[in-house]
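Both backbone and side-chain heavy atoms feed into the values below; hydrogens, waters and symmetry mates do not. All chains are named by letter (A, B, ...) in the order of the sequence lines, taking the proteins before the strands, and each is independently numbered beginning at 1.
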Amino acid sequence: MNGKKAFLQQDGNNLQFSEATAEEITRFIALDHDLPAIMRGLSKDAKLAPALKAGKGIRILRQDPWECAISFVVSQNSNIPRIEATLQKIREEYGNALGEGIYSFPSPARLSQATLLQLQKLGLGYRAQFVKNFADHVSKHGDFNGLHGKPYADARRLLMNHLGIGPKIADCICLYGLQKLEAFPVDVWIKRVMTSVYGKEITRAYDVSAEKVSAEKIAEFGRKRFGEFAGYAQLYLFQWERNVGKK
DNA sequence: TGCCAGGAATGCG
DNA sequence: CGCATTCATGGC
């Protein structure tokens with residue numbers, strides 16, 4: 001976090017942390033999001049309420065936009081264990097050693113020094129080219145072109161100009177990196193849970209069978225249905241769907 | 001052991 | 001546009 005290591009652990013209602021300030025922790029886990037108010041608003045949707053209840057307390061993090069972007073570019077068409085392993089390799093290979101086996105996430109300048117071949121050797125597959133292009137661009141231009149100050153729709157569109165960033169990953173960057181809480185990323189899990197929970201409504205809204213509706217339609221549906229905190233609805237639905245079948 | 005993975009680019013009609 | 005195919009690799 002912020003190029004340093006930090007430790008955080010929850011003990012009941014008590015949050016314990018070290019090697020970071022309360023302000024840093026508060027910012028990272030976004031305690032400024034008024035979760036009770038957000039839950040009150042979203043739970044007016046009776047179909048969403050079970051997911052909210054099951055995942056009670058889950059929060060959207062405030063991640064560094066750069067790290068967030070690379071992380072989600074790496075995530076595309078992959079699985080979570082592999083994604084975590086790959087990101088760990090990137091940190092070990094190009095980040096700074098912080099002790100205790102912990103490494104910082106590399107800066108854009110540092111990561112752009114990696115060659116395409118080196119990135120491919122980390123197991124990135126075809127995503128290596130996307131990471132390379134994006135690292136080169138950000139290290140050259142220095143920022144995200146002031147994306148923070150732009151409205152959600154503009155930020156999303158600008159992100160999608162980059163190779164390897166489509167609708168879903170742009171939405172994840174908007175949500176977790178830029179704190180555009182109305183973003184509603186649609187992946188395979190969200191597609192599944194949305195068609196099973198809101199199939200009727202989606203069919204009515206778009207006049208296509210719920211199974212055939214495109215990801216972009218579901219994203220639009222989610223934003224309209226859940227409003228300014230659609231991203232929170234997405235997160236709870238995602239967790240809910242992934243935990244189906246588990247205790 | 002083949003199917004699937006927190007998708008996106010590309011090409012086609 | 002909207003749809004189908006292709007992409008590189010590892011987890012299970």
Starting at atom NZ of A:K212, determine the distance to atom P of C:dC3, rounded to an integer number of angstrom.
8 Å
How long is the line joining CD1 of A:I83 and P of C:dT9, in whole Å?
16 Å
Tell me the interatomic distance from A:D171, atom CG, to B:dG7, atom P, rounded to whole angstroms.
13 Å
If you measure from the C1' atom in C:dT6 to the same atom in B:dC4, how many Å do you get, rounded?
16 Å
Minimum heavy-atom distance between A:L111 and A:P106, given as atom pair plus value
CD1-CG, 4.2 Å
Touch check for A:F72, heavy atoms < 4.0 angstrom, all strands: base, sugar-phosphate only, or nothing?
nothing
Could you check whether the rings of A:Y176 and A:F72 sit parallel, tilted or perpendicular, using 30° and 60° as the cut-offs?
parallel
Rounded to whole Å, CD1 of A:I169 lies from C1' of B:dA9 at a distance of 12 Å
According to the interplanar angle, ranging from 0 to 90°, do the rings of A:Y236 and A:Y232 count as parallel (below 30°), tilted (30 to 60°) or perpendicular (above 60°)?
tilted
Sorted by position of nearest nucleotide on DNA chain C, 5' first, the leading residue of A:S78 and A:P81 is A:S78
Sugar-phosphate, base or nothing in reach of A:L163, heavy atoms under 4.0 Å:
sugar-phosphate
Taking the side chain of A:D187 as heavy atoms from C-beta outward, which of B:dG6, B:dT10, B:dA8 is closest to it?
B:dG6
C:dT5 and B:dC3: how far apart are their P atoms, nearest whole angstrom?
16 Å
Using the P atom as the reference point in each nucleotide, state the distance between C:dG11 and B:dA8 in Å, no decimals.
22 Å
Could you tell me whether the side chains of A:R91 and A:Q88 share a donor-acceptor contact shorter than 3.5 Å?
yes
Atom-pair distance (CD1 on A:I80; P on C:dG11), nearest Å
14 Å
Is any N or O donor-acceptor pair between the side chain of A:E241 and the base of B:dG6 shorter than 3.5 Å?
no
Can you name the nearest heavy-atom pair linking A:V74 to A:L124, along with the distance?
CG2-CD2, 3.6 Å
Protein N or O to nucleotides 2-4 of chain B N or O, pairs below 3.5 Å:
none

Exactly one candidate in A:K47, A:R192, A:E241 meets side chain to side chain contact (heavy atoms under 4.5 Å, CB included) with A:V197; the answer is A:K47
Any side-chain heavy atom of A:V208 sitting closer than 4.5 Å to one from A:T203?
no
Protein-nucleotide distance (A:F134, atom CZ; B:dA8, atom C1'), rounded to Å:
15 Å
In whole angstrom, what separates A:K168's NZ from B:dA9's P?
14 Å
Pairs under 3.5 angstrom, nitrogen or oxygen only, protein versus nucleotides 6-8 of chain C, please.
{"residue": "C:dA8", "atom": "O4'", "partner": "A:Y126", "partner atom": "N", "Å": "3.0"}
{"residue": "C:dA8", "atom": "N6", "partner": "A:N77", "partner atom": "ND2", "Å": "3.3"}

Classify the ring geometry between A:H137 and A:H162 as parallel (under 30°), tilted (30 to 60°) or perpendicular (over 60°).
perpendicular
Ring centres under 6.0 angstrom apart (A:F28, A:F17):
no
A:I190 CD1 - B:dA5 C1' separation (whole Å)
15 Å
If hydrophobic clusters are built from ILVMFWY residues whose side chains come within less than 4.5 Å, do A:I25 and A:L31 share one?
yes
Spacing of the C1' atoms in C:dT9 and B:dT1 (rounded, Å)
15 Å
